[in-house]
Amino acid sequence: RKEVEQDPGPFNVPEGATVAFNCTYSNSASQSFFWYRQDCRKEPKLLMSVYSSGNEDGRFTAQLNRASQYISLLIRDSKLSDSATYLCVVMPNFGNEKLTFGTGTRLTIIP
Amino acid sequence: DAGVTQSPTHLIKTRGQQVTLRCSPKSGHDTVSWYQQALGQGPQFIFQYYEEEERQRGNFPDRFSGHQFPNYSSELNVNALLLGDSALYLCASSLPGGTGNTIYFGEGSWLTVV
């Protein structure tokens with residue numbers, strides 16, 4: 001079983017729609033969780049951290065369910081510029097700085 | 001303030017050859033991690049260097065080795081290249097004890113093995 005599993009997509013979504021990504025992780029002791037965004041042929045960039053209480057950054061909402069070992073990302077009112085690959089990322093321990101990535105979910109926003 | 005810089009950006013090697021990739025961390029960062037990202041996959045952790053020592057290592061063969069210099073810059077060496085080593089190699093720098101929000105990636109080095 002992969003440590004971090006994501007649906008690879010692709011997701012083709014019309015502009016303005018809401019899209020949700022899900023991810024599961026296998027290590028129940030994992031401490032930190034993130035969503036990264038990666039544009040084509042570019043490096044991954046941190047989109048947002050994920051907390052059990054849920055967190056929101058503009059049109060983006062992330063949620064962590066520790067009991068189910070499940071992470072989600074919701075994008076509302078999607079824009080053309082949201083087209084990218086979204087990577088679910090887990091860090092096992094605070095201060096470890098070793099990131100475990102999912103395979104990524106490719107999103108294309110259609111005009 | 002320069003971020004993480006990597007070189008070269010692109011290179012082509014032949015099977016069996018050796019390659020060295022270089023990384024300069026973000027100013028003030030002393031921990032460097034290397035990742036391999038094959039096409040269609042997420043980045044995979046290779047190893048991490050701190051205080052010029054390999055602190056932890058992922059599931060990669062001994063053909064992959066590294067080094068960290070006193071100025072915190074780092075090299076990744078791959079010997080006896082295989083076609084399957086073709087990938088984007090990413091360097092990430094961070095501060096020790098970081099929470100993950102302080103990890104920065106370079107733009108990567110694209111390696112093609114023919």
Side-chain angles (χ1 to χ4, degrees), chain A residues 1-10 21 23-27 30-52 55 57 62 64 71 73 84-108, chain B residues 3-6 9-10 21 23 25-26 29-51 54-60 68 72 74 86-112:
Chain A
R1 181 184 173 188
K2 289 185 178 180
E3 292 184 67
V4 179
E5 295 206 56
Q6 289 181 255
D7 180 347
F21 302 137
C23 160
T24 57
Y25 61 96
S26 60
N27 183 356
S30 298
Q31 296 290 340
S32 300
F33 309 89
F34 311 94
W35 283 100
Y36 272 70
R37 171 193 169 126
Q38 187 171 28
D39 293 299
C40 187
R41 301 186 69 80
K42 296 288 189 180
E43 76 276 20
K45 294 184 178 179
L46 178 64
L47 178 66
M48 58 197 305
S49 302
V50 188
Y51 306 111
S52 296
N55 50 301
D57 183 2
L64 166 66
I71 304 164
L73 176 68
T85 295
Y86 291 83
L87 295 156
C88 178
V89 185
V90 173
M91 192 166 80
N93 302 307
F94 291 124
N96 183 296
E97 302 117 48
K98 171 192 169 185
L99 301 177
T100 300
F101 288 81
T103 54
T105 299
R106 186 172 173 184
L107 173 66
T108 301
Chain B
V4 180
T5 58
Q6 293 187 241
T9 54
H10 294 81
L21 308 178
C23 172
K26 181 177 170 62
H29 286 188
D30 56 8
T31 301
V32 173
S33 301
W34 287 92
Y35 293 81
Q36 180 197 65
Q37 186 174 21
L39 195 64
Q41 301 295 317
Q44 299 292 309
F45 177 79
I46 302 174
F47 43 52
Q48 182 182 88
Y49 278 84
Y50 172 65
E51 292 188 341
E54 183 182 291
R55 185 161 72 170
Q56 53 183 325
R57 187 179 181 93
N59 188 24
F60 278 80
Q68 186 178 35
Y72 308 125
S74 177
S86 296
L88 174 65
Y89 288 85
L90 294 160
C91 172
S93 75
S94 58
L95 293 167
T99 60
N101 294 316
T102 55
I103 297 174
Y104 292 84
F105 282 87
E107 293 186 355
S109 294
W110 288 92
L111 171 64
T112 301

Report summary line: Sorted by chain and residue number, the side-chain hydrogen bond (donor to acceptor under 3.5 Å, both in side chains) partners of Gln68(B) (sequence neighbours excluded) come out as none
**Report entry** With Gln36(B) via side-chain hydrogen bond (donor to acceptor under 3.5 Å, both in side chains) - residues at least two apart
**Finding:** Tyr89(B)
Query raised in the report: Rounded to the nearest 0.5 Å, how far does CZ of Arg55(B) lie from NZ of Lys98(A)?
Result: 12.0 Å
Determine the minimum heavy-atom distance between [X] and [Y], stating which atoms define it.
{"X": "Gln44(B)", "Y": "Phe101(A)", "answer": "NE2-O, 4.5 Å"}
{"X": "Leu99(A)", "Y": "Phe45(B)", "answer": "O-CB, 4.2 Å"}
{"X": "Leu88(B)", "Y": "Lys42(A)", "answer": "CD2-O, 4.3 Å"}

Counting heavy atoms not belonging to [X], are there more than 12 under 6.0 Å from its [atom1]?
{"X": "Glu107(B)", "atom1": "CD", "value": "no"}
{"X": "Phe21(A)", "atom1": "CZ", "value": "yes"}
{"X": "Glu3(A)", "atom1": "CD", "value": "no"}

Requested in this report: Pick one of side chain, backbone, both or neither for Arg106(A), based on which atoms fall under 4.5 Å of a heavy atom in chain B.
Outcome: neither
Report summary line: If one checks every heavy atom of Gln6(A) against chain B at 4.5 Å, the contacting part turns out to be neither
Query raised in the report: If you measure only the distance, is there a donor-acceptor pair under 3.5 Å linking the side chains of Gln37(B) and Gln38(A)?
Result: yes
**Report entry** Proximal component of Tyr35(B), with respect to chain A [non-hydrogen, under 4.5 Å]
**Finding:** side chain
